[in-house]
Asks: 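Quick one: the structure is below, questions incoming.
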Amino acid sequence: SNSAAPDVAIDKDTLESFHTHLSKSTRVLSLLGAGLSASSGLPTFRGAGGLWRTHDSINLATPEAFDANPGLVWQFYSYRRHISMQAQPNAAHYALAELSRKMPGFLTLSQNVDGLSQRADHPRKQLQLLHGTLFEVRCMDRAVCRYSETNFTDPIVPALAIPTSGTDLTSNEVRKDVSEQLHAKRQAKDLDISDAAIPIADLEFKDLPICPKCQKYLLRPGVVWFGESLPWQVLQTVEDFINKEETIDLIMVIGTSAKVYPAAGYIQEARDKGARVCVINMDENDRPSGGWKDGDWFFKGDASVLVPKLLE
Ligand code: BV8
């Protein structure tokens with residue numbers, strides 16, 4: 001559910017000009033980022049409470065990090081699976097799903113791996129998961145074994161249960177206190193699993209998810225790490241949409257710092273096909289690189305409040 005965000009004042013004329021353009025649009029893209037799920041309680045990667053701030057993303061979201069310390073990387077992803085499953089899609093996720101049903105030419109490109117768009121019944125054919133999802137896991141051996149599965153088991157293996165600080169959890173009083181501490185820690189600052197409250201257990205290979213098919217390699221999260229290519233079928237689908245003959249009317253850039261490529265590059269590609277740009281962001285400084293054009297819109301505020309207003 002949405003945090004009780006203060007109602008966002010939107011300039012009437014600006015909103016009207018956007019609604020007029022949207023009503024005449026047939027080919028529309030959206031590029032979604034972590035800010036879309038912020039109101040669902042999930043931490044973003046940069047800015048206040050950003051995930052990466054306490055960790056260099058290179059430490060946690062690369063194949064090298066996984067090879068070097070699969071236990072640490074799995075604790076990071078197991079935690080994000082846990083909080084993503086606890087979270088609920090917000091009004092913006094539902095509004096985007098609704099627009100998809102009304103507009104066959106609307107394609108959503110999501111950088112988010114939290115699964116919330118899927119749980120808002122976003123039509124699957126109109127949702128491209130640029131960076132994969134936390135809820136697919138696959139064998140590390142992509143050449144021979146190639147096993148992959150959809151998996152919502154939390155924790156995926158017992159050793160990845162969110163460790164408490166060794167507190168005896170028998171009494172409810174203690175359990176309540178620990179969960180409040182963990183929750184407070186989560187809300188108050190970055191996810192820092194190197195913190196004392198969530199000690200990093202030294203997990204052995206045998207403690208981690210092992211591929212049930214080949215029984216030789218670890219399973220890994222089905223996300224795209226830095227330095228890895230986006231799934232070729234996703235790249236193909238997006239390029240096919242963009243390279244169609246007709247122009248693109250609009251790209252909505254929602255809750256993203258637009259710093260990660262090639263995802264962020266789609267904004268310019270849409271512009272090159274005639275699209276006007278509508279940015280929805282909490283921070284007025286987070287505008288896509290490549291300059292601001294006449295006719296673009298910028299709506300400052302919480303996506304979970306703004307997006308339903310813009311798409312109604
Ligand atoms: C690749 C999955 C090559 C894992 C992620 C140029 C071209 C190509 C590549 C590169 C390039 N330059 C650099 C690179 C390398 C790299 C890259 O882009 N690095 C960046 C840091 C410069 N790119 C790659 O490595 C990509 N791969 O290019 O491979 C290749 C090609 C062929 C063959 C082999 C290799 C792969 C990148 C994918 C990485 N994986 N995620 C995981 O999630 O753990 S990226 C991850 O970070 C997310 O998926 C997301 O994409 C990104 C976070 O960005 P945002 O979603 O924008 O979140 P952020 O916190 O930054 O911003 C939140 C925004 O919301 C803020 O603006 C904030 O103000 C706003 N906000 C907050 N609250 C709200 C709000 N707005 C509205 N309402 C609110 N309530």
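FYI, side chains are in, hydrogens and waters are out, and symmetry mates aren't considered; it's all heavy atoms of this structure. As the structure lists them, so they are numbered: ligands from 1, and atoms in each ligand from 1. Heads up: numbering here begins at 1 and tracks the sequence.
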Asks: Hey, does the Lys NZ or Arg CZ of Arg81 hover above the aromatic six-ring of Trp74, less than 6.0 Å from the centre and inside 45° of the axis?
Replies: no
Asks: Regarding Asp11 and Lys300, does a basic nitrogen lie under 4.0 Å from an acidic carboxylate oxygen?
Replies: no
Asks: Would you confirm whether His93, through its side chain, and Arg119, through its main-chain N or O, come within 3.5 Å as a donor-acceptor pair?
Replies: no
Asks: Checking the N or O distance criterion of under 3.5 Å, is ligand 1 in contact with Tyr77?
Replies: yes
Asks: Give the single entry among Val260, Leu235, Leu32 that approaches atom 52 (C) of ligand 1 most closely by any heavy atom.
Replies: Val260
Asks: Check each of His131, Lys259, Gln111, Arg80 against atom 22 (C) of ligand 1 and report the one with the nearest heavy atom.
Replies: Lys259
Asks: Please name the residue in the list Ser100, Ser117, Ser110 that meets the side chain to side chain donor-acceptor pair (under 3.5 Å) test with His122.
Replies: Ser100
Asks: With only distance considered, is Tyr261 within less than 3.5 Å of ligand 1 through an N or O on each side?
Replies: yes
Asks: Answer yes or no: does an N/O atom from Asp286 fall short of 3.5 Å to an N/O atom of ligand 1?
Replies: yes
Asks: State whether the side chain of Gln111 and the backbone N or O of Leu32 hold a donor-acceptor pair below 3.5 Å, judged by distance alone.
Replies: yes
Asks: Answer yes or no: does an N/O atom from Phe226 fall short of 3.5 Å to an N/O atom of ligand 1?
Replies: no
Asks: Search all heavy atoms of Pro262 against all heavy atoms of Leu230 and return the closest pair with its distance.
Replies: CD-CD1, 3.7 Å
Asks: So, does Gly301 sit close enough to ligand 1 that a heavy atom of it is under 4.0 Å from the ligand?
Replies: yes
Asks: Can you check which of Leu134, Val73, Val224 brings a heavy atom nearest to atom 4 (C) of ligand 1?
Replies: Val224
Asks: Counting each atom of ligand 1 from 1 as listed, which ones have a heavy atom of Gly33 under 4.0 Å away?
Replies: 56 (O)
Asks: For Ser39 and Asn90, which I'm curious about, is there any donor-acceptor pair between the side chains at under 3.5 Å?
Replies: no
Asks: Checking the side chain of Thr153 only, and the main-chain atoms of Pro155 only, is there a donor and an acceptor separated by less than 3.5 Å?
Replies: no
Asks: Check each atom of ligand 1 against the heavy atoms of Ala38 and keep those under 4.0 Å away; list them by number with element.
Replies: 73 (N), 80 (N)
Asks: Give the atom numbers and elements of ligand 1 that come within less than 4.0 Å of a heavy atom of Gly255.
Replies: 63 (C), 64 (C), 65 (O), 76 (N)
Asks: Number the atoms of ligand 1 from 1 as they appear, then name those within less than 4.0 Å of a heavy atom of Glu228, with their elements.
Replies: 1 (C), 26 (C), 27 (N), 29 (O), 35 (C), 36 (C)
Asks: Atoms of ligand 1 less than 4.0 Å from Thr256 heavy atoms?
Replies: 55 (P), 57 (O), 64 (C), 65 (O), 67 (O)
Asks: Does an N or O anywhere in Gly227 fall below 3.5 Å from an N or O of ligand 1?
Replies: yes
Asks: Hey, does the side chain of Ser25 reach the backbone of Leu250 with a donor-acceptor pair shorter than 3.5 angstrom?
Replies: no
Asks: Please confirm whether Pro262 approaches ligand 1 to less than 4.0 Å, judged on its heavy atoms.
Replies: yes
Asks: Looking at ligand 1, does any of its N/O atoms fall within less than 3.5 Å of an N/O of Phe76?
Replies: no
Asks: Is Ala303 touching ligand 1 with its side chain, its backbone, both, or neither, if touching means heavy atoms under 4.0 Å apart?
Replies: both
Asks: Kindly give the heavy-atom pair with the smallest separation between Ala34 and Asn112, and that separation in Å.
Replies: N-OD1, 3.0 Å
Asks: Between Asn281, Val305, Leu129, Val307, which one has a non-hydrogen atom sitting closest to atom 69 (O) of ligand 1?
Replies: Asn281
Asks: Please check if the side chain of Glu228 supplies one atom and the backbone of Trp225 the other of a donor-acceptor pair under 3.5 Å.
Replies: yes
